[in-house]
Protein chains: 4
Amino acid sequence: MGARETNRESRERALLEAAIESFAELGFSEVRLSDIAKRAGMTAGHLSYYFPSKSELLRRAIEMSERRLIEDARAALARLERPEDRLRTLIDLSLADRVRDPGWLLWFQVWAGAALHPEITESHHALDGEWRALLRQVIDEGIAAGGFRAEDPDATAAAIASMLDGLSIQLVLEAPGYGPERIRAIADAAVAALLGLRDA
Amino acid sequence: MGARETNRESRERALLEAAIESFAELGFSEVRLSDIAKRAGMTAGHLSYYFPSKSELLRRAIEMSERRLIEDARAALARLERPEDRLRTLIDLSLADRVRDPGWLLWFQVWAGAALHPEITESHHALDGEWRALLRQVIDEGIAAGGFRAEDPDATAAAIASMLDGLSIQLVLEAPGYGPERIRAIADAAVAALLGLRDA
Amino acid sequence: MGARETNRESRERALLEAAIESFAELGFSEVRLSDIAKRAGMTAGHLSYYFPSKSELLRRAIEMSERRLIEDARAALARLERPEDRLRTLIDLSLADRVRDPGWLLWFQVWAGAALHPEITESHHALDGEWRALLRQVIDEGIAAGGFRAEDPDATAAAIASMLDGLSIQLVLEAPGYGPERIRAIADAAVAALLGLRDA
Amino acid sequence: MGARETNRESRERALLEAAIESFAELGFSEVRLSDIAKRAGMTAGHLSYYFPSKSELLRRAIEMSERRLIEDARAALARLERPEDRLRTLIDLSLADRVRDPGWLLWFQVWAGAALHPEITESHHALDGEWRALLRQVIDEGIAAGGFRAEDPDATAAAIASMLDGLSIQLVLEAPGYGPERIRAIADAAVAALLGLRDA
DNA sequence: TATGAATGAGGATTCATTCAT
DNA sequence: CATGAATGAATCCTCATTCAT
């Protein structure tokens with residue numbers, strides 16, 4: 001029973017992974033159930049056997065993707081002590097790291113689908129809030145340690161997070177003149193300015 | 001002949017406006033031609049008479065929306081002299097000004113559809129480039145006038161533009177805690193910090 | 001506009017007729033939209049263009065069939081004066097007139113679908129009520145004229161109507177030994193007995 | 001081996017009972033194998049293990065239901081002597097005894113499915129024939145005993161049986177104004193009239 | 001021009017049935 | 001025996017697009 005359960009879970013996860021990739025690439029409406037099933041090596045009928053509807057699949061897929069993201073961030077931070085290192089880690093995890101970064105493409109879909117899928121937007125806000133809380137905490141630590149300066153730390157966290165979002169969009173969409181290194185440099189310089197550092 | 005042409009143009013514009021609103025709300029795939037036609041007070045058959053395909057309609061609609069945006073910005077700037085005023089105008093025009101700002105919802109659709117509609121992405125890059133060039137120019141003027149400071153003005157322009165993008169996303173998606181005033185304040189403070197101003 | 005309307009109406013009627021025949025033969029669930037459309041010389045897509053759903057088509061089809069039935073009866077009665085003739089006409093119209101009589105096959109479907117389609121059952125009761133009221137009226141006329149005898153005319157009407165129903169079932173289902181003539185003779189003799197006549 | 005066989009039989013009977021109830025409620029096409037299996041406390045896979053196809057299950061279910069009915073009637077008649085009592089028993093067993101009487105709902109399904117399932121119709125005719133033969137026999141007994149009068153006893157039996165059918169339909173379908181008592185009274189009076197009795 | 005009828009391809013979903021475990 | 005995963009055929013319905021009027 002336990003083994004069977006695990007088997008089911010692993011199949012569901014495979015389908016969810018396939019769904020995330022597909023949704024990120026094409027958007028919810030343009031993805032066919034058969035595409036997702038094929039990518040996971042199953043049939044469309046089987047997919048429907050596990051997930052009662054395309055909507056439910058979308059919901060579960062986004063949920064899994066978001067949960068994973070914040071857990072990764074927590075794990076990465078747990079290994080670091082210095083505010084500067086922790087800040088750098090958050091920036092690293094937040095910034096898209098390449099053109100067509102699948103994680104970021106998925107956010108585009110979430111934003112675009114906000115009007116049609118309010119429940120997904122809700123859960124996205126929750127994730128985003130956790131993310132900003134992490135950043136805020138690191139900033140507070142840096143201020144306490146004396147390395148960072150910010151009059152309104154919450155505003156600073158929001159500004160930094162938003163800027164990283166905007167820069168990632170440029171990178172993911174392959175905006176001319178904004179490759180990974182340039183994006184990185186822009187981000188570092190701006191973060192430094194916003195936190196009153198000499199250098200990033 | 002001229003009148004008829006004008007009539008056609010006005011009908012086409014009405015359809016394009018309707019299309020923009022519809023795409024912004026629902027996304028490309030979820031919009032029905034009949035929705036758009038109804039919104040413009042015509043029939044789907046008539047729409048097809050003017051626009052050969054849905055894709056072509058999408059392309060034309062986005063193109064019109066973007067062209068209009070940059071023209072509005074140029075017109076607004078033309079009336080102002082002081083770099084501070086010009087900067088403020090750009091920020092005003094760039095920031096979403098309310099939850100579910102239709103203009104911004106449309107960008108979400110453009111980003112989400114980037115993989116499927118590369119030609120639209122291209123034209124979007126062009127617009128975005130012009131926008132950043134405007135901002136860059138205003139920053140340069142401010143530096144020349146002595147009010148702004150920036151080591152790498154292009155990077156600063158990119159950082160500011162990206163931050164405004166990210167903040168607009170928060171506002172448009174109704175992120176809890178980030179209403180228009182708060183977003184505005186965050187933007188002002190961050191821009192001040194990035195341009196070495198005392199205050200915004 | 002009037003012509004166009006009429007055209008649409010005639011197409012709808014053609015589809016409804018095709019639907020009635022199909023439903024009578026196969027039952028609601030076993031009929032395919034494409035069967036009905038094909039029978040009416042159209043495509044399934046076109047059928048859906050006129051009728052939004054299979055259920056709605058069923059409802060409209062039954063409605064048309066029932067309305068037509070009672071109108072035919074009223075028209076036939078209008079031409080007759082003597083209670084005996086009027087009674088005979090009702091019996092004629094009521095009895096199935098051949099094996100697999102499509103009208104009667106449709107009643108079987110209505111009865112079988114009663115649990116799933118309560119609204120159709122309702123409208124069926126209404127028709128049946130009108131039918132029994134007609135019969136009751138003719139019986140009353142016969143009693144008044146002195147030819148018929150009945151202590152409880154309503155009960156007599158119900159008994160006669162029910163018997164005609166039951167006999168029609170036998171005929172329609174091709175029960176061995178019960179052909180049209182035999183059914184007719186049984187009905188006449190029983191009606192005579194129930195109304196105190198010497199002979200039918 | 002014998003015990004196992006018996007176990008199998010009891011499981012099959014449970015499935016058949018579940019099938020009868022399900023078919024009566026929803027009709028053949030609308031019933032899912034999983035519904036039937038669940039009702040019998042088994043899985044759909046298990047049902048398929050016992051019955052090779054849905055059609056075969058239908059055939060067996062109806063067969064069981066009909067066989068049981070006629071056996072019950074024979075058993076009830078065996079305990080009675082007087083023609084009047086025997087006639088009453090047949091009427092009691094024949095009339096639906098409540099709204100949505102499951103036995104009668106099943107007949108509706110059988111009639112509705114006559115075109116698609118001729119073999120079931122055949123077996124239904126056989127049952128019906130036996131039923132009418134019982135009635136005919138009781139009527140003959142009553143005539144011989146002097147209590148009943150009928151010129152054509154077969155026709156009278158057919159008329160009575162058909163009337164009971166028609167009245168049961170009214171009751172089962174919950175026709176307004178025809179509750180169990182009223183139906184009963186109508187039946188009794190009509191039977192009395194058809195058999196030349198003073199009273200039922 | 002403008003309409004709306006008509007098409008037909010396409011897709012989500014259901015479900016009987018099979019079969020490995 | 002029993003399960004439930006897996007299949008794939010079948011079907012309703014949608015909708016962009018065409019076209020006669």
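Throughout, protein chains are lettered first and strands after them, A, B, ... in sequence-line order, and every chain is numbered starting at 1. This structure is a prediction, so every number in the text was calculated from the model and none was measured. What's counted below: heavy atoms across the whole structure, side chains too, no hydrogens, waters or symmetry copies.
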- Option passing side-chain contact (heavy atoms from CB on, under 4.5 Å) with D:Ser22 (candidates D:Ile36, D:Leu57, D:Leu33): D:Ile36
- Who passes salt bridge (Lys or Arg N to Asp or Glu O under 4.0 Å) against C:Arg60, sequence neighbours left out? C:Glu12
- Message: Rounding to an integer number of Å, can you tell me how far A:Glu56 CD sits from E:dT13 P?
- Response: 11 Å
- Task: Could you check how far CZ of C:Phe28 sits from C1' of F:dC12, rounded to whole Å?
- Result: 11 Å
- Task: Examine F:dT7: is either OP1 or OP2 under 4.0 Å from a nitrogen or oxygen in the side chain of A:Thr43? Give yes or no.
- Result: yes
- Task: With C:Ser123 as reference, evaluate C:His117, C:Glu66, C:Arg59 under the side-chain hydrogen bond (donor to acceptor under 3.5 Å, both in side chains) test and give the passing residue.
- Result: C:Glu66
- Closest to the 5' end of DNA chain F, once A:Ala44 and B:Ser55 are matched to their nearest nucleotides, is A:Ala44
- Can you check the B:Leu57 CG to F:dC15 C1' distance for me, whole Å? 15 Å
- Message: Once you apply a heavy-atom cut-off of 4.0 Å, does B:Tyr50 come out as touching a base, just sugar-phosphate, or nothing?
- Response: sugar-phosphate
- Atom pair CG (C:Asp35) and CD (C:Glu30), whose distance is rounded to the nearest 0.5 Å: 10.0 Å
- Figure out the CD/P separation between A:Glu9 and F:dA5, and round it to whole Å. 12 Å
- Query: Nearest-Å distance, CG (A:Leu47) to P (F:dG8)?
  - Reply: 15 Å
- Message: For a quick test of reading the model: is some side-chain N or O of C:His46 closer than 4.0 Å to OP1 or OP2 of E:dA5?
- Response: no
- Using modelled atom types only, decide if a donor and an acceptor are shared between the side chain of C:His125 and the backbone of D:Leu173 within a distance under 3.5 Å. yes
- Query: Taking NZ from B:Lys54 and P from F:dC15, how many angstroms apart are they, rounded to a whole number?
  - Reply: 9 Å
- Message: Closest-nucleotide mapping onto DNA chain E: is B:Gly45 or A:Leu33 further toward the 5' terminus? I mean the 5' end.
- Response: B:Gly45
- Between F:dA5 and A:Arg11, is there an OP1 or OP2 to side-chain N/O distance shorter than 4.0 Å? no
- Counting just side-chain N and O atoms, does C:Tyr49 come under 4.0 Å of either OP1 or OP2 of F:dC15? no
- Task: Looking only at side-chain atoms of A:Met42, point me to the closest of E:dT13, F:dT7, F:dC13.
- Result: F:dT7
- The nucleotide from E:dT13, E:dT1, F:dC13 with an atom nearest the side chain of C:Ser48 is F:dC13
- Task: Check whether any side-chain N or O of D:Arg32 sits under 4.0 Å from OP1 or OP2 of E:dA16, and answer yes or no.
- Result: yes
- Message: Counting Watson-Crick and G-U wobble pairs with both distances under 3.5 Å, what is the dot-bracket string for DNA chain E, 5' to 3', using [ ] for crossing pairs and | for pairs to another strand?
- Response: .||||||||||||||||||||
- Side chain C:Ser48, main chain C:Gly45, donor-acceptor under 3.5 Å: no
- Determine the interplanar angle of the A:Trp111 and A:Trp104 rings, folded into 0 to 90°, and report it as parallel if under 30°, tilted if 30 to 60°, perpendicular if over 60°. perpendicular
- Item | Approximate separation, where rounding is to 0.5 Å, of A:Ile62 CD1 and A:His124 NE2 | 9.0 Å
- Interatomic distance where CZ belongs to D:Phe51 and C1' belongs to E:dT18 [whole Å]: 18 Å
- Rounded to whole angstrom units, what separation is found between the CD1 atom of B:Ile36 and the C1' atom of F:dT17? 14 Å
